[in-house]
A.B. asks: 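One structure is given below, represented as structure tokens, and several questions about it will come after.
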Amino acid sequence: MTARRIASQGENNMSTPAESSPSLHAAAPGGWRGLLADWGGDRQAFRVSWGKAMMWIFLLSDTFIFSCFLIGYMSVRMATVVPWPNPSEVFALEIAGQSVPLILIAIMTFVLITSSGTMAMAVNFAYRRDRRRTAALMLATAVLGASFVGMQAFEWTKLIHEGVRPWGNPMGAAQFGSAFFMITGFHGLHVSCGVIYLLVVATRVLKGRYEATGNYQIVEIAGLYWHFVDLVWVFIFAFFYLW
């Protein structure tokens, strides 16, 4: 009996410090386990939901892409020795026998800015859990976005009919066509994807998919994307049509 007590005391004395010290045992989640716990805890890592955080990361990467495109456009335009086409002439429309400069571009800009307003109202009604008005405003935003893409397609058709190509331009510098089609086309692709995205989310909102949980944050996430698309257009408008 005495030998067993001595053996058990020896085993207790040989226990590790982490087992004998409660403070050290409480600090065990440090290192890799602590890092994984933080990132797995959603709000502990970003203090926002994963959906919103990932959308911000995507928009940040997209900002870099559009910045590279616009900086490249500025570099090409300032470096070329061939006269650059005059936007007031290139993007003019004949209305009642008169050439009206930038009229189509002004309408496109107004439509896209208006869609940003309807999207903001949709987010507001989403947090009020008014799914019908939310869905209606999102559908209105999608219609405005589709109208913008349609007018952009008309603009492209007009320029192609006038001989503008990515590899050439009868109105001046050959780089104009490649820069214009690449940057406006990339933006138009974003608007088209945004229209599809809005239609999907609006349909789900209308069917009451988010009604049970009351979590309408997906509408705000869609709004972040749409406002980003609108903001990028402001820079494209300034660089291509006003410069």
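When reading the values below, keep in mind they use all heavy atoms of this one structure, side chains included, and skip hydrogens, waters and symmetry mates. Predicted model, so just to flag it, every value in this text is computed and none were measured.
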A.B. asks: Would a hydrophobic clustering, with Ile, Leu, Val, Met, Phe, Trp and Tyr connected at side-chain separations under 4.5 Å, put Val164 with Val82?
C.D. replies: no

A.B. asks: Determine the interplanar angle of the Phe228 and His190 rings, folded into 0 to 90°, and report it as parallel if under 30°, tilted if 30 to 60°, perpendicular if over 60°.
C.D. replies: tilted

A.B. asks: Compare all side-chain heavy atoms of Met108 with those of Glu155 and state whether any distance is below 4.5 angstrom.
C.D. replies: yes

A.B. asks: Please work out whether the ring planes of Phe180 and Trp156 are parallel, tilted or perpendicular, with thresholds of 30° and 60°.
C.D. replies: tilted

A.B. asks: With no hydrogens and no angle check, is any side-chain donor or acceptor of Lys207 less than 3.5 Å from a backbone partner on Ala202?
C.D. replies: no

A.B. asks: Quickly, which of Trp233, Phe186, Phe235 forms a ring-ring contact (aromatic ring centres under 6.0 Å, His included) with Phe66? Name it, please.
C.D. replies: Phe186

A.B. asks: I would like to know whether Asn169 and Trp84 meet side chain to side chain contact (heavy atoms under 4.5 Å, CB included); could you show each step before the answer?
C.D. replies: CA-CA 10 Å; Asn169 173 32; Trp84 201 262; over 6 Å; no

A.B. asks: Show the numbers, then the answer: is there a side chain to side chain contact (heavy atoms under 4.5 Å, CB included) between Gln98 and Ile95?
C.D. replies: CA-CA 5 Å; Gln98 299 291 329; Ile95 300 178; 5.8 Å; no

A.B. asks: Please name the pair of heavy atoms, one in Pro85 and one in Ala173, separated by the smallest distance, quoted to 0.1 Å.
C.D. replies: CD-N, 4.0 Å

A.B. asks: Is it true that, when you exclude Phe154 itself, more than 12 heavy atoms of the residues, nucleotides or ligands shown sit nearer than 6.0 Å to its CZ?
C.D. replies: no

A.B. asks: Do Tyr127 and Phe125 belong to the same hydrophobic cluster, where Ile, Leu, Val, Met, Phe, Trp and Tyr are linked whenever their side-chain heavy atoms lie under 4.5 Å apart, directly or via other members?
C.D. replies: no

A.B. asks: Which residue in the set Phe91, Tyr73, Phe69 passes ring-ring contact (aromatic ring centres under 6.0 Å, His included) when paired with Phe240?
C.D. replies: Tyr73

A.B. asks: Distance check, rounded to the nearest 0.5 Å: Ile183 atom CD1 versus Ile65 atom CD1?
C.D. replies: 12.5 Å

A.B. asks: Report yes if the side chains of Leu199 and Leu139 come closer than 4.5 Å at any heavy-atom pair, otherwise no.
C.D. replies: yes

A.B. asks: Find the distance between CG (Leu144) and OG (Ser116) and round it off to the nearest 0.5 Å.
C.D. replies: 10.5 Å

A.B. asks: When rounded to the nearest 0.5 angstrom, what is the spacing between CG in Asn124 and CZ in Arg133?
C.D. replies: 10.5 Å

A.B. asks: Report whether Val191 and Phe110 are members of the same hydrophobic cluster (ILVMFWY, side-chain heavy atoms less than 4.5 Å apart, transitive linking).
C.D. replies: no

A.B. asks: Is there a continuous path of hydrophobic side-chain contacts, each under 4.5 Å between heavy atoms, that joins Tyr197 to Leu224?
C.D. replies: yes

A.B. asks: If you take all heavy atoms of Pro170 and Gly163, which pair is closest and at what distance?
C.D. replies: CD-O, 3.2 Å

A.B. asks: Could you tell me which non-hydrogen atom of Trp226 sits nearest to which non-hydrogen atom of Val195, and how far apart they are?
C.D. replies: CZ3-N, 3.8 Å

A.B. asks: Please tell me if the side chains of Phe148 and Val229 come closer than 4.5 Å, counting only heavy atoms from C-beta onward.
C.D. replies: no

A.B. asks: To check you understand the geometry: which heavy-atom pair defines the closest contact between Ser88 and Pro101, and what is its length?
C.D. replies: O-CB, 3.3 Å

A.B. asks: Strictly distance-based, threshold 3.5 Å: is any side-chain N or O of Arg77 a donor or acceptor partner for the main-chain N or O of Trp243?
C.D. replies: yes

A.B. asks: About how many Å separate CD1 of Ile105 and CD of Gln152, when rounded to the nearest 0.5 Å?
C.D. replies: 8.5 Å

A.B. asks: Consider only side-chain heavy atoms of I, L, V, M, F, W and Y, link residues closer than 4.5 Å, and tell whether Leu112 and Met121 are in one cluster.
C.D. replies: no

A.B. asks: Quick check for you: to the nearest 0.5 Å, what is the distance between Trp50 atom CH2 and Ile221 atom CD1?
C.D. replies: 13.0 Å

A.B. asks: Between Val90 and Lys158, what is the shortest heavy-atom contact and its length?
C.D. replies: O-NZ, 3.1 Å

A.B. asks: Could you report the tightest heavy-atom contact between Met138 and Ala222, atom names first, then the distance?
C.D. replies: CE-CB, 4.4 Å

A.B. asks: Strictly by modelled atom types, are Thr141 and Ser115 linked by a side-chain donor-acceptor pair under 3.5 Å?
C.D. replies: no

A.B. asks: So, the side chain of Arg204 versus the backbone of Tyr210: is there a donor-acceptor pair under 3.5 Å, distance only?
C.D. replies: no

A.B. asks: Hey, mind stepping through Met119 and Val219 against side chain to side chain contact (heavy atoms under 4.5 Å, CB included) and telling me if it holds?
C.D. replies: CA-CA 9 Å; Met119 189 66 230; Val219 179; 4.0 Å; yes

A.B. asks: Any sub-3.5 Å donor-acceptor pair from Arg131's side-chain atoms to Leu206's backbone N or O?
C.D. replies: yes

A.B. asks: Let me confirm one number: the CG-CD1 distance from Leu102 to Ile107, rounded to the nearest 0.5 Å.
C.D. replies: 11.5 Å

A.B. asks: Check for a donor-acceptor pair, side chain of His187 on one end and backbone N or O of Ile236 on the other, with a separation under 3.5 Å.
C.D. replies: no

A.B. asks: Please assess Ser61 against Ile57 for the test side chain to side chain contact (heavy atoms under 4.5 Å, CB included), listing each intermediate value before the final yes or no.
C.D. replies: CA-CA 6 Å; Ser61 63; Ile57 292 174; 5.8 Å; no

